Amino acid sequence: MLVGGRRPGIVPAAAPDLAERAANDTFKPFLGPRLGDVRSPCPGLNALANHDICPRNGKGYTIPLLTECLADGLNMGADFSLFVGAEGIGSNPNFLSLSFDLDQIDHHDMVIEHDASLSRADGSTGNNYSFNQTIWDTVLAYYSGMVETSILPLRRQNTIVYGETAIYLSTMGDPVTGVAPIEYVPALFEEERLPYEEGWGKTTQPTTLASLAAMVFELNVENGEELPEGLVLTESTLKATLRGKSRSHHWQGP
């Protein structure tokens with residue numbers, strides 16, 4: 001339950017390294033969308049727009065602009081921003097503009113929009129862009145009783161969903177261990193805000209395609225899934241896989 005746009009309860013004390021990160025960050029207030037602003041199926045991009053770290057109106061995103069605001073807000077590497085930005089431009093019917101709006105990246109089976117999302121319905125439902133509490137509750141149920149996220153076994157999924165999981169574990173916690181206070185995650189997904197109030201600060205180590213590939217590999221291992229013979233998860237193979245189509249159903253929990 002949200003009270004005044006925030007989750008009620010006592011804010012837990014941040015771990016020392018997280019507290020240091022938060023102390024070194026310059027916080028931009030949560031503003032939210034205005035009438036006429038647009039948003040995407042991605043809670044991270046929406047949160048950056050809601051804090052006006054990326055353009056608050058959600059429009060006119062270029063690769064240089066996206067690279068700057070993803071680095072400023074979440075310490076995402078330039079390689080990741082280039083990849084996402086190129087896919088975003090490809091979703092714009094006027095791709096010669098070399099820009100995109102956030103609501104243009106809800107095209108089904110683009111890198112950002114995919115079936116089996118952690119917080120959105122499948123494309124076949126007709127609404128693949130709005131937050132879906134019922135689907136998200138299955139994720140929260142999986143973390144019930146825990147105080148931190150971690151790289152844990154999930155129901156059988158695909159690399160696209162593992163990629164989505166790796167991104168939030170990396171940016172909310174640590175790009176190597178995937179550990180983050182649970183309290184951070186609902187703030188990002190449910191309220192689409194950066195959890196500054198809970199003690200979060202952006203990571204000191206950037207999240208890159210290489211670090212995401214390593215975490216996706218760990219998620220595959222933890223789930224007992226074998227990569228196709230001869231496939232090694234690198235930046236290139238991760239990009240190729242994320243461009244593929246999702247073939248599984250919603251995240252079901254353990």
Side-chain angles (χ1 to χ4, degrees), residues 25-34 36-114 117-120 128-129 131 160 163-172 175 188-189 191-196 200-213 215-216 235-236 238-243:
D25 271 350
T26 301
F27 302 152
K28 298 194 73 172
F30 176 89
L31 301 171
R34 302 158 297 192
D37 292 349
V38 297
R39 293 295 182 263
S40 76
C42 175
L45 287 175
N46 293 347
L48 291 172
N50 286 336
H51 287 270
D52 202 23
I53 297 171
C54 289
R56 186 182 176 190
N57 64 3
K59 301 175 183 178
Y61 284 51
T62 63
I63 288 177
L65 186 154
L66 186 68
T67 301
E68 180 179 359
C69 67
L70 281 177
D72 287 347
L74 293 172
N75 200 12
M76 303 296 289
D79 58 345
F80 177 86
S81 301
L82 175 62
F83 172 57
V84 172
E87 295 294 316
I89 290 170
S91 70
N92 185 345
N94 180 23
F95 60 86
L96 292 179
S97 70
L98 298 181
S99 67
F100 65 95
D101 298 343
L102 291 184
D103 61 344
Q104 292 174 328
I105 56 179
D106 63 1
H107 294 181
H108 184 52
D109 276 335
M110 296 293 290
V111 167
I112 292 175
E113 193 291 315
H114 56 85
S117 168
L118 300 176
S119 62
R120 266 67 176 171
N128 57 359
Y129 48 86
F131 174 75
I160 296 176
E164 182 182 6
T165 301
I167 290 170
Y168 86 77
L169 291 178
S170 297
T171 56
M172 292 295 98
L188 179 67
F189 279 87
E191 302 173 45
E192 296 187 337
R193 68 175 175 87
L194 300 177
Y196 295 131
W200 174 85
K202 67 182 179 183
T203 61
T204 54
Q205 179 177 336
T207 295
T208 65
L209 288 175
S211 68
L212 288 173
M215 192 170 293
V216 167
E235 298 99 315
S236 297
L238 179 63
K239 287 192 288 187
T241 303
L242 291 176
R243 287 193 181 103

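Counting begins at 1 with the first residue of the sequence. Note that the structure is predicted; figures quoted are calculated from it, not measured.
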With Asp37 via side-chain hydrogen bond (donor to acceptor under 3.5 Å, both in side chains) - residues at least two apart: Arg34
Nearest heavy-atom neighbours spanning Gly77 and Thr208: CA-CG2, 4.3 Å
Pairwise distance CG(Leu82) to CD(Glu87) - rounded to 0.5 angstrom: 10.0 Å
For Asn50, the option from Arg39, Lys28, Glu191 that meets side chain to side chain donor-acceptor pair (under 3.5 Å): Arg39
Expected output: side-chain Arg56 to main-chain Gly32 donor-acceptor under 3.5 Å: yes
4.5 Å side-chain heavy-atom contact, Ser170 and Thr203: no
Nearest-0.5 Å distance that lies between atom CG in Leu209 and atom CG in Asp79: 4.0 Å
Value rounded to 0.5 Å, distance of OG in Ser40 from CD1 in Ile105: 4.0 Å
Any pair counted as disulfide bond (SG atoms under 2.5 Å apart), so long as it reaches residues 77-106, sequence neighbours left out: none
Beyond-backbone contact of Leu194 with Leu74, side-chain heavy atoms, under 4.5 angstrom: yes
Pairwise disulfide bond (SG atoms under 2.5 Å apart) hits with a residue in residues 70-103, at least two apart: none
Partners passing side-chain contact (heavy atoms from CB on, under 4.5 Å) against Glu68 (at least two apart in sequence or in another chain): Asp72
Set of side-chain hydrogen bond (donor to acceptor under 3.5 Å, both in side chains) partners for Thr62, sequence neighbours left out: none
Tyr61: ring-ring contact (aromatic ring centres under 6.0 Å, His included) partners, not counting sequence neighbours: Phe100
Residue pair Leu45, Leu70: steps toward the side-chain contact (heavy atoms from CB on, under 4.5 Å) verdict: CA-CA 8 Å; Leu45 287 175; Leu70 281 177; 4.1 Å; yes
Shortest non-hydrogen contact between Pro55 and Leu65, atoms and distance: CD-CD2, 3.3 Å
Interatomic spacing from SG in Cys42 to CG in Leu102 - rounded to 0.5 Å: 8.5 Å
Atom pair CZ (Phe30) and CD (Glu192), whose distance is rounded to the nearest 0.5 Å: 8.0 Å
Expected output: side-chain Ser211 to main-chain Thr207 donor-acceptor under 3.5 Å: no
Counterpart residues, side-chain hydrogen bond (donor to acceptor under 3.5 Å, both in side chains), relative to Thr67 (two or more places apart): none
Pair Leu188-Trp200, side-chain contact (heavy atoms from CB on, under 4.5 Å): steps then yes or no: CA-CA 11 Å; Leu188 179 67; Trp200 174 85; over 6 Å; no
Minimum heavy-atom distance between Asn92 and Ser97, given as atom pair plus value: ND2-OG, 3.2 Å
Distance, nearest 0.5 Å, that separates CD of Gln104 from NZ of Lys59: 10.0 Å
